[in-house]
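Here is how names work: the chains are called A, B, and so on, in the same order as the sequence lines, proteins then strands, and each is numbered from 1. Keep in mind it's a predicted model, so treat the numbers as computed, not measured.
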Number of protein chains: 2
Amino acid sequence: MSPRTYHHPDTDEIAIPRVLFALSEPLRLAMVRVLAAQGETDSLELGPDLPRSTLTHHTSLLRESGVVHVRAQGRKCLISLRTEDLESRFPGLLGAVLDGYERTTDLTDPHP
Amino acid sequence: MSPRTYHHPDTDEIAIPRVLFALSEPLRLAMVRVLAAQGETDSLELGPDLPRSTLTHHTSLLRESGVVHVRAQGRKCLISLRTEDLESRFPGLLGAVLDGYERTTDLTDPHP
DNA sequence: ATCATTGTGCGACTTCTTTCGAACGACAGG
DNA sequence: CCTGTCGTTCGAAAGAAGTCGCACAATGAT
């Protein structure tokens with residue numbers, strides 16, 4: 001009946017404080033890191049060990065802050081980084097965050 | 001007797017999530033913007049209309065997250081950005097945040 | 001049609017954040 | 001020494017955020 005729809009802020013509505021806040025949460029930053037490495041990803045892959053409601057909470061926050069794009073695919077949920085939108089609005093920001101994260105943390109860590 | 005001392009994290013202890021969180025607060029981001037424009041600044045200038053305890057709270061948080069350096073000068077308090085430390089640890093991050101902020105917000109706004 | 005899976009919304013609980021007043025100590029100046 | 005200014009600390013209060021169980025709707029598979 002009603003397919004799942006998601007609201008995404010326009011590119012020019014994306015605000016720096018909200019983006020920084022979204023990325024300041026270790027869990028969400030880890031999700032973003034996976035998205036940057038893998039591209040569009042099944043939402044379950046972003047937090048296999050998390051309760052569903054917790055996962056939804058974080059993906060929603062990332063979406064509403066303009067960091068990720070969400071689309072429904074069957075019963076699943078595909079998440080992708082809004083790389084170009086972020087780059088055009090805040091050039092270099094995402095790259096700096098991810099680079100800084102990479103050199104500080106190791107992807108092979110059990111608990112990043 | 002006991003001159004005011006402040007603890008600052010080592011450069012290699014500065015963590016991205018804490019920095020992003022510190023910068024995600026509009027008030028603190030505005031303070032950082034002033035620091036970037038003016039260099040070392042009297043703490044009172046960073047929030048002339050704020051209660052002292054509120055100002056201390058934000059400067060402490062910025063200091064503990066590694067964003068600013070604080071030193072006592074007489075009874076006053078001089079704050080400066082740890083530009084080089086941040087640049088060496090997270091290259092381009094601070095610049096990207098400030099540039100993105102500048103193009104999104106106007107310094108002449110009464111309430112940025 | 002039935003069933004299992006996925007995501008969402010709701011509500012509750014806990015913890016963290018922010019804000020700010022009041023009291024205190026440190027400092028500079030007269 | 002006394003006074004006024006500044007910064008810090010403590011505590012309280014309100015608000016925001018994170019976590020998660022549960023019920024429900026939508027979807028795909030059998």
Side-chain angles (χ1 to χ4, degrees), chain A residues 1-8 15 17-32 34-35 40-80 111-112, chain B residues 1-8 15 17-32 34-35 40-80 111-112:
Chain A
M1 279 301 192
S2 61
R4 282 176 294 165
T5 61
Y6 300 95
H7 176 256
H8 296 85
R18 298 195 62 171
V19 171
L20 296 179
F21 181 77
L23 299 179
S24 73
E25 180 69 32
L27 228 63
R28 290 190 293 260
L29 189 47
M31 293 166 70
V32 168
V34 172
L35 289 170
E40 196 174 46
T41 301
D42 185 326
S43 70
L44 259 188
E45 265 189 76
L46 295 179
D49 302 337
L50 272 59
R52 299 290 158 79
S53 46
T54 303
L55 194 54
T56 299
H57 173 251
H58 288 297
T59 56
S60 298
L61 199 150
L62 284 169
R63 172 177 51 81
E64 285 159 15
S65 64
V67 176
V68 305
H69 183 269
V70 181
R71 68 187 181 97
Q73 172 91 324
R75 23 180 189 188
K76 301 202 160 182
C77 206
L78 296 183
I79 321 287
S80 56
H111 294 295
Chain B
M1 279 302 191
S2 61
R4 279 176 296 164
T5 61
Y6 300 96
H7 176 255
H8 296 85
R18 298 195 62 170
V19 171
L20 297 179
F21 180 76
L23 299 178
S24 73
E25 180 69 33
L27 228 62
R28 290 190 292 262
L29 189 47
M31 292 166 69
V32 168
V34 171
L35 289 169
E40 196 174 47
T41 301
D42 185 327
S43 69
L44 258 188
E45 265 189 76
L46 295 179
D49 302 338
L50 272 60
R52 299 289 158 78
S53 46
T54 303
L55 194 54
T56 299
H57 174 251
H58 288 297
T59 56
S60 298
L61 199 150
L62 284 169
R63 172 178 51 80
E64 285 158 15
S65 64
V67 176
V68 305
H69 184 268
V70 181
R71 69 188 181 96
Q73 172 92 324
R75 1 170 210 198
K76 301 202 159 181
C77 206
L78 297 184
I79 321 287
S80 56
H111 294 295

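Remark: B:Tyr6 is not in phosphate contact with D:dG7, judged by side-chain N or O atoms under 4.0 Å from OP1 or OP2. An OP1 or OP2 oxygen of D:dG7 is reached within less than 4.0 angstrom by no side-chain nitrogen or oxygen of B:Arg4.
With B:Arg4 contributing its side chain and B:Gly74 its backbone, the two residues share a donor-acceptor pair below 3.5 Å. The backbone N or O of B:His8 sits nowhere less than 3.5 Å from a side-chain atom of B:Arg63 that would complete a donor-acceptor pair.
Between A:Cys77 and A:Thr59, every side-chain heavy-atom pair lies at or beyond the 4.5 Å cut-off.
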Letter by letter from the 5' end, nucleotides 17-23 of chain C scores (B base, S sugar-phosphate only, - none; protein heavy atoms under 4.0 Å) SBBBBB-
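When the C1' atoms of four end pairs are superposed on the next four at each end of the helix from C:dA1-D:dT30 to C:dG30-D:dC1, using five pairs per end, the two resulting axes differ in direction by 30°, to 10°.
In this structure, A:Arg18 places its CZ atom 13 Å from C1' of D:dA17, rounding to the nearest Å. Atom P of nucleotide D:dA29 and atom NZ of A:Lys76 are separated by 11 Å, given to the nearest angstrom. Taking atom CD on A:Glu64 and atom P on D:dG18, their separation rounds to 12 Å, with Å as the unit. A straight line from CZ of B:Arg75 to P of D:dC6 spans 7 Å, rounded to a whole angstrom.
Considering B:Val19, B:Leu46, B:Ile79, B:Val68 in turn, B:Val68 is the only one that fulfils the side chain to side chain contact (heavy atoms under 4.5 Å, CB included) rule with B:Leu62.
Across every non-hydrogen atom of A:Ala22 and A:Val67, the tightest pair is CB-CG2, 4.3 Å. Residue B:Ser24 comes nearest to A:Pro17 through the heavy atom pair O-CB, 3.4 Å, listed as atom of the first residue, atom of the second, then distance.
Note on ring orientation: taking the six-membered ring where Trp is involved, the planes of A:Phe21 and B:Phe21 are tilted (angle from 30° to 60°).
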